[in-house]
Each structure stands twice: as structure tokens, then as C-alpha cells.
Amino acid sequence: MELWIEWIIKAFVLAFAILTGFAYLTLYERRALARIQVRIGPNRAGPQGLLQPIADAVKLIFKEEFTPARADKFLFVLAPIMTVVPAMIIAAVIPLGTQFTLPFVDHPITLYVADINVGVLYLTAIASIAVYGIVLAGWSSNNKYAMLGGMRASAQMISYEISLGLCFVIAIMLGNSMSLLDIVGAQKNMWFVVIQPVGALIFMVTTLAEVNRAPFDMPEAEQELTAGYHSEYSGMKFALFFMAEYEKMIVISMIAVTLYFGGFREFWFLQGTVFSVDHFWWLGPIYLLLKVVVLLFFMIWIRATWPRIRYDRLMAFGWKVLLPLSLALVFLTAVGIVLVQQLGSVYIWFIPISSLIAGLIAVLLVNLSLRRKVARA
Amino acid sequence: MGVEQKLGNLGIVTTTLETTVNWARTNAMWPMLFGLACCAIEMMSAQAADYDMSRFGMELMRPSPRQSDLMIVAGRVSRKMAPVLRRLYDQMPEPKWVIAMGDCASCGGVFNNYAVVQGVDEVVPVDVYVAGCPPRPEALIHGVVTLFEKVKGEKFKDLVKA
Amino acid sequence: MTADLITFFILALIAVAAALGMLLSRSAIYSALFLVLNFGVVAVFYILLDAPFIAMAQVSVYAGAIMVLFLFVIMLLGTETLPASKALPWQRPLAYFLALVLLGESVYLLFFRKVASGDIPQPIQSFGTPQGVGQALFTSYLLPFEATSVLLLIAMVGAIVLTIREKGK
Amino acid sequence: MSEYQLQEIPVGPYRHLVSERAVSGETMLLNMGPQHPSTHGVLRLLLELDGEVVVNCIPDIGFLHTGVEKNMEAKTYQKAEVMTDRLDYMNNMGNNLAYVMAVEKLVDLDVPPRAQALRVILTELQRIASHLVWLGTSGLDLAAMSMFLYCFREREIILDIFELVSGQRMMVTYFRPGGVWRDVPVEFEAAVRNFIKIFPKRIDEYEALLTKNPLWLDRMVGIGKLDAATALQHGVTGPMLRASGVNWDLRKTRPYAGYEQYDFNVPVETKGDTYARYIVRVQELRESLKIVEQALNKLPLGPVHSDNRKFVPPPRSEIGTSMEALIHHFKLWTEGFPAPKASVYSAIESPRGELGVYLEGDGGPKPYRVHWRTPSFDNLSVISKIVKGHLVADLIAILASTDIVLGDIDR
Amino acid sequence: MDNRLEKIVKVLQEKAGAAYEEFRGEVHVFIAPGQIVDALTFLRDEHQFSLLSAMTAVDYWPKQDPRFHVIYQLTSLTQNLSLQLRVPVSGGLLKLPTATQVFQSANWREREIFDMFGIEFEGHPDPRRILMPDDWEGHPLRKDYPLGYEEPQFTFNFEEIDLRKPYAKE
């Protein structure tokens, strides 16, 4: 019975952490965007604007809830919930650190909610059903813009799911396990981003598409579809969509960190020093947080700088560039692993070199086609 | 309206809650992304680097009226636009506020003729009028801050409709 | 064991209800959603049977990819607004007949087939794990597996050919 | 606008403008605007969509119709000028210039060279400001949001210069028939020089962000192609026409306000797509800066308005001493000056194209008829032709590249 | 007058018997309503007047015949010339043949003239109002149409106007 209590407490702590993270991510994004755009950003609510998320939340709670007359009432209410739930539960399998022993009771507490042997598959499964909320929101609103947004979301999700899955496969092969804890453990000596840099890059691109962030924010493309799938949502229901979007950002960064950036582990060259998580267990969550913050900054930076890609080009990019490239990477990784097994561990460098060449070829081809298009026009 | 209406009906003394909610509303007032004419350009300037309305948490301009709290009527409202404006106002959920930015929106300005509505208060109820043709960004921000003062004084009791 | 049994019965009820809902609901969107619910419940069954790999594959492939495509198509065509088309004339009698056959089979299986208790073979240790599934797929079932991929490839090529012809028109 | 289309849009009134498929419900009619983030104001586009492909696009304008032309008939020539600022609110100086040039032509009034040079400097600064707003909003439309804020940062410098000379940021009314309102303050030259110094680097920054960016190229190249013949048929002028390969710039072909003294190029592109329009405008930023610099270097000394007292009020100092000056002042500001019973058409090159004023006098002090030939009006009318077969996302890019201002269209 | 322009005006006079006037270097040629399409086609095809710069109308109310002048401002890019055609329209008839076949830009401009002056263009492909709402009554730029002056509110008459001003409700 004790085990149940432990799980419930851990689940609550994790949920609370993600919720707080979401709230402060909004502030982080607004301040970072403002910094990039030579502005100041929210600084009036509380010291340095630290209470801004709370103000937003309280305001949205006390805002009128509105359901359009001809909307499908049931799905209209269900959609935001269906968006937010996957974003929360997907974090369950992500290891946040090693473990520590509870004082007095002498009971070991692991820093993850669950370590299942198909952890990576769990991630894909949950990520793939996360789109339902958006699609249903678009459909149930009875608004043409919302529906276009919902349709874009479903098409985009399907296009990028496969490349994302292949990037998972690369990490699985390198870690030789589907358990996230094992994958993190396998990165003790070398982060996978060093071994498979192109895979990490593709992973981050596809995750941008999966969480509908700029430049892939098709479903809510403000300038095209006004507010896209959440056009008709107000008050707390809208807040749920908002929440889901930012939670997904956090969670997806956590996954990226876990799969490619050593998870909760320190830099591989800090192994055995006092900075190692083996030395202090509480360094694990801190390292994870730092890495996540850095990745999030990249997401914000991209949003501030790049124009939005066009909807059909986005699909073409997914199918014609990312999918073949990630397939090639899976193949190259497999070859590298076989080489290591047969000839010795120095052949591990075959993987980064060959995949960088593959990535370079892809970039060149894309560039060439673009140049041809410019020339033709 | 939301929860506060029921609270008001109960007649419970809710001053602390009132203060909190009004504080939240003033600090997270999302304007609607909606410009009409010249004033819209100054409204954009107010969002930009030199003036930066985002300090007040106001840079989240919502393209959908469903998610906005504040309608800044920036510019002249023609007779053709007036029904659309009213409709947008009706689409905004409570609580909502309106700032008439500039002379044209406040009273018709220099355009005292057949085509322009002589003051947007004929179409939607206005909370704050900002004078100027167009008002400088500072003037708009002053108008917004004036609106904050008004919002801070709002009582749940008054919002309950008979 | 009772806890598992109770869970099983609750889930079974949900699964049957979802299946019925899918059949009976008027709106195509709701039908699709009921099917998703059904898939989800079936995935939980797999977990109960100690086959997490298949469970996750069920969710990500069926619920996550295929049904999203279904929804996409339904929304694209706007079928829920179109008037119901006439059923094919032979469809209804055939359906009744097939339902009868199915009912007969179930009755036979439930009441007449003798099942000795206890002779269900226990699954081996690696059953349902990724390793187990991989071993099975790439050793004893390699030929069917590859045949399936070829079949899918043919279907994909067919779809592409069809759309290309459509465009050329 | 989002829920503006809760009800189905009736095909009836647009029967002759949509395809057969819209009647059968095969294609979707979608309202874009009048309140939509990327229609640059209150423009309504009725779109017939097949999936996301635009089959037909029917612009609906007039949501900002202000009755300026009618209202100007009720004011004297001087007082009507305040209306001109509010037409194309990105090009206030240019509107003033077009109007005062028409008045000067109608009453045959001379303008001293210093006033001419000041007019050139300020209209070119205005062109830069207008193009900056265009660049910023186009960037925003394609979700390159920082561009918007960078452009507005530079625009503020220009607005500060305007405020320095006229006391207003936007509605300047600085040019007056016969010259300018009053001479520029001493800080003017330093302010403009400062701008000339920092701006080229800033243009380089913009170009670094966008011009070679693959996403930007992908959104722009080959989109919304407009050939020269169609452009002329639709009356398209300005950068849009020059992007289609027609070298027509009124500053070169019919120089006014002393443009013939300055050495500048007219950027011309041949491809006529959205990207060509972008390139033309970005190059115009540099060319305008060149003109400003030359005009500032050559800025002559002397009076800033004509000494024809029948049309230009006397300086304040004279009123105290001269009875005649007092009478002129009184007559001009109460009654206004009469103009002959005739009509003129005078056009300038605004940031958007040929901005023409048709001005007709009836012998009295008020214009009998003022018509504004506004470039955006024609530039928008071509859009229904060039968006056909493109995606909704391209429509946004094309609309941004036409650089319309609704105040300019609806008047 | 420019030599090249003089030639063109002479040909126009021969073809259509048109009168012309000159003011500050601008040439206005008067064309009868029936001949305007031919004249525009002739100028476009024979003399490269490829741009219809502006098109508008003037109302000379209360004069009835002609009450309106419809004005076509043409520009030739290759020759760098401008020419204005003026078509008198009688207050009783209010009809003109459309020029949309000659210049596409006439489409919206003719709609605007119809909207503002009530002059109909026969054969126009899309005869709707363009600037005013579809159910608007009257044609605002006519001289007999009131400007629509409303009394401005000042301190001394604030109360009085406030009483009858239609304020919007929630």
C-alpha cells in the first residue's frame, strides 16, 4: 500500500511542477521575446512581472465562459480536456533523477513516476493522441477558420509523427533499450547528440511541428486563420488550450533532453566529480531543468526570428526531406552499431560522420531545389 | 458573466476577492487585435519598442474577440463598419471594456459628414475616451491606465444584472 | 485475481458500449470517437494481458494515426452534413445473415465446446515485450511480416496512382 | 471577424462572381475580414475556397469610407488640407504634397527652392517610414514578428523628425500652398544626418534577417505573379508596377518639386512576383536615403514660402506694422483665397504609386470638386486576379506585398 | 501644347468632332457619350495610352444638361503624355457605356461613380455599390446630397445634445 501512496505523491508533485512550469514559461517566453525585440516585457504585476501568470490565470477564471449556439456542446467542452490530459500524463515516464533514500524510514524513492519497459513507445502513443483535442475543437466550434485549423493540425501531426518515431528509434538503438532510464544511463559516457547530431536536430524540428510551435504553428496561424482551432474558446477553456500548448513545449523539451542530451545526467566529462548526479542526487532535476530552459529558449528564439512556413511546404518538408533523412539515419546508426560490435568501439565515430554527411546532402538538395525554384520563377 | 455574478447574488462580503480579481484584470487585459485607421498605426507604435505596452501585460493581442477583454476602437467608424463593430463587441465575453481612441472614435473628429459615425458611443458603450488625432502612444497608455483605475473600483455587486 | 476480474468486466462493458455507440450514433464524427474509445479500451486489455508493446502500438497506430486520418477525411468531406445515401439493396439481408452466423458461433463456443480448465498454456517470460515481439516477427514470422509490408506498399502505390490520374484529368 | 460567418454566406448577391461549384456547395465561401489580423485594416475579402486553394476572391471595400472628397468641398483650400493627412495615413507628407501641388497649379503659385528641397527631404523620409511599416507588417503577416518591432523602432526616429518640424507625429499638414508651414528648426539637420548615419546598417540587418532566408524565399518567390500588361490594364502603379518590369516613376518621368536635381535610381524587377515587390521596396529604401542625403547637402537658404500675399499669409512680424499684411491675414484665414473656374490634375509618386489629385475650382474660395486618384485602390483591384489558384497563406503574402492602406482605398 | 499631343487631339477631332480646352498645359477633350468607348480604344491601341490613371465625375447641379462630366485621365507611358477626356452626361439620362473592356481598372472606378453619383454604366460586369453599404439610399457626392452635418458638442450645449444623443447600451 505504501507504494501507492508514493506514486500518488510523486504524480502530484510532477503535475504541480509542470503546471508551475507552464505558468512561468509564458512569462519566460514573453520576457525573452521582448528582450529579442528591444522591448521590456511584462514587469508591472509583481516584482519584475513575476506575478503576471497569476494575473492571467485569475483573469481567465473570472472571464465569461461562452459556448457558441450552433457548436457541438459536448465535444466543445471535451476538446480542451482532451488536449490538456495527454500533455500532462506524457511526463509520467520521464526520469527526473536517480533516487534518494527517505530519511528515518530508510525507503528508497526513485525520481520518476514509472519506469516501464516500453517507455519510448508510451511517449509516441500519448503524443499521437494529443492531436484529438485540437481536431475536435476545430470541428465542434462550427467555425470555418477553426475547422481549417483542426484539419491542418491532423494532417501535420500525421506527417511528422513518422519522422519523430524514427528519431525515437535512433535513441532506442543507441541506448539498446526502450526504457528511458536505460537510455539516460547509456548516455553516461557520451550524450547521444554527439553521436547522432543530425538525429537530434530532426527530433527537435519534428517536435516543433508536433507541438505546433512557430514556424510550424499552422493550426492557429494568427495571420491566416485568426486564432485557428481555438477561435471560439474563451475563459478557462481557452486557458486549457494555452496550458496544453506550453505544457507540451516543456514536456517535449524534457523528452529531447532525455533522449539526446543526457537526461538528468551531468556533462559526460564531469563524471566522477562532485558535479555528478551520482554524488548528489538532487543535481539530477537541476540539470534537467537547466537543459530544458536552454532548449525552450531556442524554441522562443525561432519563434521570434523566422517566418512561418507554408502549409503545403510543411507537409512536403515532412514527407520529402525529414522522412527519408531520418530513415537514412536509422540505417546509418544500425551500420555503426554493427561496426562497433564487430570491429571495436572507435567505430562509433562512423555514426556522426556519416550522418553529418547525409544531413549535408539533404541541406544541399533542399537548397538546390529552392534555387531552381527561384530561377524558374 | 462568470463566477462573480453568483457571488454578488449571495451578498457575501468579497472585498479581498474583488481586489484580487480586479488586480488580475488590470494586469492581464488582452486587447483585441483590431485597428481601423490612422490611430491603429499609433496603437501599433504603442506596442513597439519605444512605448511598449507589454509592460502592462498587454502585448497578447488576441485576434479572436472571444479571448479579448479590451476593444480599442482605433480610428473612424464608418456607417458601413458600425454593425460589424457592434457584432464584434457582442462576441466578446464579459467582462469587457472599450476605449475610444482618437477624436474620430470619440466624437467624429474632423469628419462631420454622412459617412462617419459621430462617436463610437452610439454603437458600443465606451469606458475611456482618448483625445488626439491621432493620440500619441503615451496618450493611449494613459487612457489604458485610466481604465485600470476604473476597473480597480468595480464591485461585483454592481455587475449583477437585475 | 478478483481486482483484475472487476477491471476486466468494467472495461468489457465500456468496450461493448463503445462498439454499440459507434454503430448506432448518427454523426460520423461521434462514430469515429467511439471507435477511438474502443481502441483505447482494447489497449488496456493488452496491458492486462502483459503485452505492453502491443498495447502501445495499438494506441499509437490505430488511435493515434489511423483514426486521426479518418477524422481528417470525415471533416474534409463534411459527411455529417450530407444527406444519408441509400443503402445497397443486398446489404441488409446479408448483414442479418452474417450476424446470425456470428451469434451461432458464439453460442456454440460458449455452451457446447468443452474447455478443460487449466490447460491454457502460460505465456513465456518474454511474451509481449519488445524483444519478444521482435524475435517473433523477424524469425518465425518473417515471411508473413514481409508479405504484409509488400501488401501495404502496393496499397500505397495504388493510392498514389489514383490521385495522380485524378490530377491529370 | 471569426464568427462573422456563423450563418452560411448566401451565394445570391455574388452569383456572377463565384464559380458553379460554389452554388452546389462543393467549394466553401469564407469571409476574411473586415476584422482579420492580416487584411491591414478593415478590408473584407470574400473567398471561395476549394480546400485551402483560393478559387475566387471578391474584395469588399468601403468599411473605412470617410467622405473626404465631399467634406473637402465644404472647406476652404487651406482648411481642406487637414483632411488630406488622414487619407493615406502612412503617407501624410505625400498627401499634403499632392494636394498643395494641385492647388499651386490651379492658382499658379510659385514655391521657393528651400521649400522645394524641404518637401523632397520630408516626402522621402515619409516614403521610408511607409516602407518600414510595410516591411514590418509583411514580416508580421508571415509570422516574422520581430521584423515588425525593428521597423517600428526606426520609424520612430522619422516620426521624431516630423514632430520636430511640424509638432505632430503623423497628421503633419506641414506643406502649405506656396511653401511649407514655417522653416525647420536648427536641430533638423542634425536629426536627419543622424538618421542617414544609422539607417543603412539597419537595412542591412533587415536584409540579413529576410532576403536570403529560405523560408522567406519559399513564401515569396513565384507567388502572385503579375505581368506588366495586366498591371497596366488594372491601373497598377508604383513599386508593384516596377516589380513587373515597367520603369515608370513619376519622380523621374515627370519630375516635380525639384526631383530632377537629384541622382537616384529607380529599382526595377522583372519577375512581378511577391519577392520582386519586396526587393523593389527594400531597394527604394536605400534610394530614398540617397535623395535625402543629396537634398540635405544642397539645402539652399532663403524663404520657405512664396511672397505672393494673395495666397500665402504674411509673416507674423509684418502684421503688427503693415495694414495691408493685416488685411491679407484676415482675408486668408476667414474667407480663403479664390481659385479660377477650371480644373487641374496633378500627380506625385507616393510610396504606393501614382497619387493624383483632380481639383476643380469654381471661382470661389472652396474647391468645387476634389477627387483623389489613390494608388491602393487600383493596386487592390488586381488582387482577385493574381490570387487565383494560390493557397490562403499565399493570399496573405500577396496582400502584404500590395502594400495597401485602407484609408487610401476607401477615402 | 505638346506637338505629339496636338496631333492626337486633331485626329480625335476629326473622328469624333470633339471640342477641347487647355489649362496650364493640360488638355481636356470633350467626347459625346456614345463615342467614349471608341475614343478610349483608339487612344489605347493607336497612341499607347495604356494607363487609365483616374476616372471620376463632377456634378454641376442644378444645371441639368449636362449635369455631370465623367472624366477619364489617360497616361501614355511610352510617350510620357497625359490626356483628359470629359464626357457630359445629362441629368435625365444618367447612362454611359462601360469602358471595362478597354481598361480593367474602369471596373471599380465605374462602380465608384455609380455609388457616388448614380451614373449607370451599361454592360458593366458587376454593377454593385462599392464604398457605401448595399442598402444605402442616395449618392453622396451629388451636390444635392447633404454633407450630413451634426452639431458639435461644446460646454454650452453639452446637456442639450446629451439628451438626444443615441448612446449604445450593453
Side-chain angles (χ1 to χ4, degrees), chain A residues 70 72 74-75 78-79 82 86 89 93 114 116-142 144 146-162 164-165 168-169 172-173 176-179 182 210 229 319, chain C residues 3 21 25-37 39-44 46-47 50-81 125-134 138 152 156 159-160:
Chain A
R70 287 174 58 194
D72 189 312
F74 176 67
L75 290 183
L78 187 68
M82 281 184 76
I89 62 174
V93 295
I116 53 178
N117 60 353
V118 288
V120 180
L121 273 183
Y122 174 82
L123 295 181
T124 47
I126 302 299
S128 65
I129 59 170
V131 76
Y132 275 106
I134 292 173
V135 176
L136 291 179
W139 182 78
S140 65
S141 301
N142 188 37
K144 287 171 185 169
M147 191 162 104
L148 284 176
M151 274 166 55
R152 283 176 168 200
S154 52
Q156 176 179 341
M157 209 278 315
I158 292 168
S159 312
Y160 279 75
E161 185 98 309
I162 301 174
L164 183 70
F168 279 134
V169 169
I172 292 170
M173 290 193 324
N176 199 20
S177 169
M178 278 198 178
S179 155
D182 294 348
E210 283 277 314
Y229 65 90
W319 287 112
Chain C
S25 104
R26 290 252 157 244
S27 150
I29 294 266
Y30 272 92
S31 281
L33 289 179
F34 274 122
L35 197 56
V36 172
L37 181 60
F39 285 157
V41 176
V42 172
V44 180
Y46 286 134
I47 291 180
D50 271 337
F53 181 86
I54 301 175
M56 292 306 155
Q58 166 87 4
V59 173
S60 55
V61 174
Y62 285 99
I66 294 181
M67 286 318 290
V68 172
L69 259 179
F70 263 63
L71 271 186
F72 179 76
V73 171
I74 292 171
M75 279 162 57
L76 191 70
L77 297 179
T79 37
E80 73 285 347
T81 54
Q125 192 57 47
S126 69
F127 172 78
T129 59
Q131 286 91 347
V133 175
F138 288 103
L152 281 173
M156 258 158 68
I160 291 169

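Because the structure is predicted, anything quoted here is derived from the model rather than measured. Proteins get letters first, then strands, A, B, ... in listed order; numbering begins at 1 in each.
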Q.
Under 4.5 Å from any heavy atom of chain C, what part of A:Ile162 do you find: side chain, backbone, both or neither?
A. neither
Q. Excluding sequence neighbours, so at least two apart, what forms side-chain hydrogen bond (donor to acceptor under 3.5 Å, both in side chains) with A:Ser159?
A. A:Trp319
(Q) Please classify the contact of A:Met178 with chain C as side chain, backbone, both or neither, using a heavy-atom distance under 4.5 Å. (A) side chain
Q. Judged by atom type as modelled, is there a donor-acceptor pair below 3.5 Å linking the side chain of A:Tyr132 to the main-chain atoms of C:Leu33?
A. no
(Q) Check the orientation of A:Phe74 and C:Tyr30. Use parallel for under 30°, tilted for 30 to 60°, and perpendicular for over 60°. (A) parallel
Q.
Which atoms of C:Ala65 are under 4.5 Å from chain A, going by heavy atoms: the side chain, the backbone, both sets, or neither?
A. backbone
Q) Where on C:Val61 is there a heavy atom nearer than 4.5 Å to chain A: the side chain, the backbone, both, or neither? A) neither
Q) Between C:Val59, C:Val68, C:Leu71, which has the largest tally of heavy atom pairs under 4.5 Å with chain A? A) C:Val68
Show me, pair by pair, the donor-acceptor contacts under 3.5 angstrom made by side chains of residues 118-131 of chain A, not counting sequence neighbours?
residue	atom	partner	partner atom	Å
A:Tyr122	OH	A:Ile89	O	2.9
A:Thr124	OG1	A:Leu121	O	2.6
A:Ser128	OG	A:Thr124	O	3.2
A:Ser128	OG	A:Ala125	O	2.7

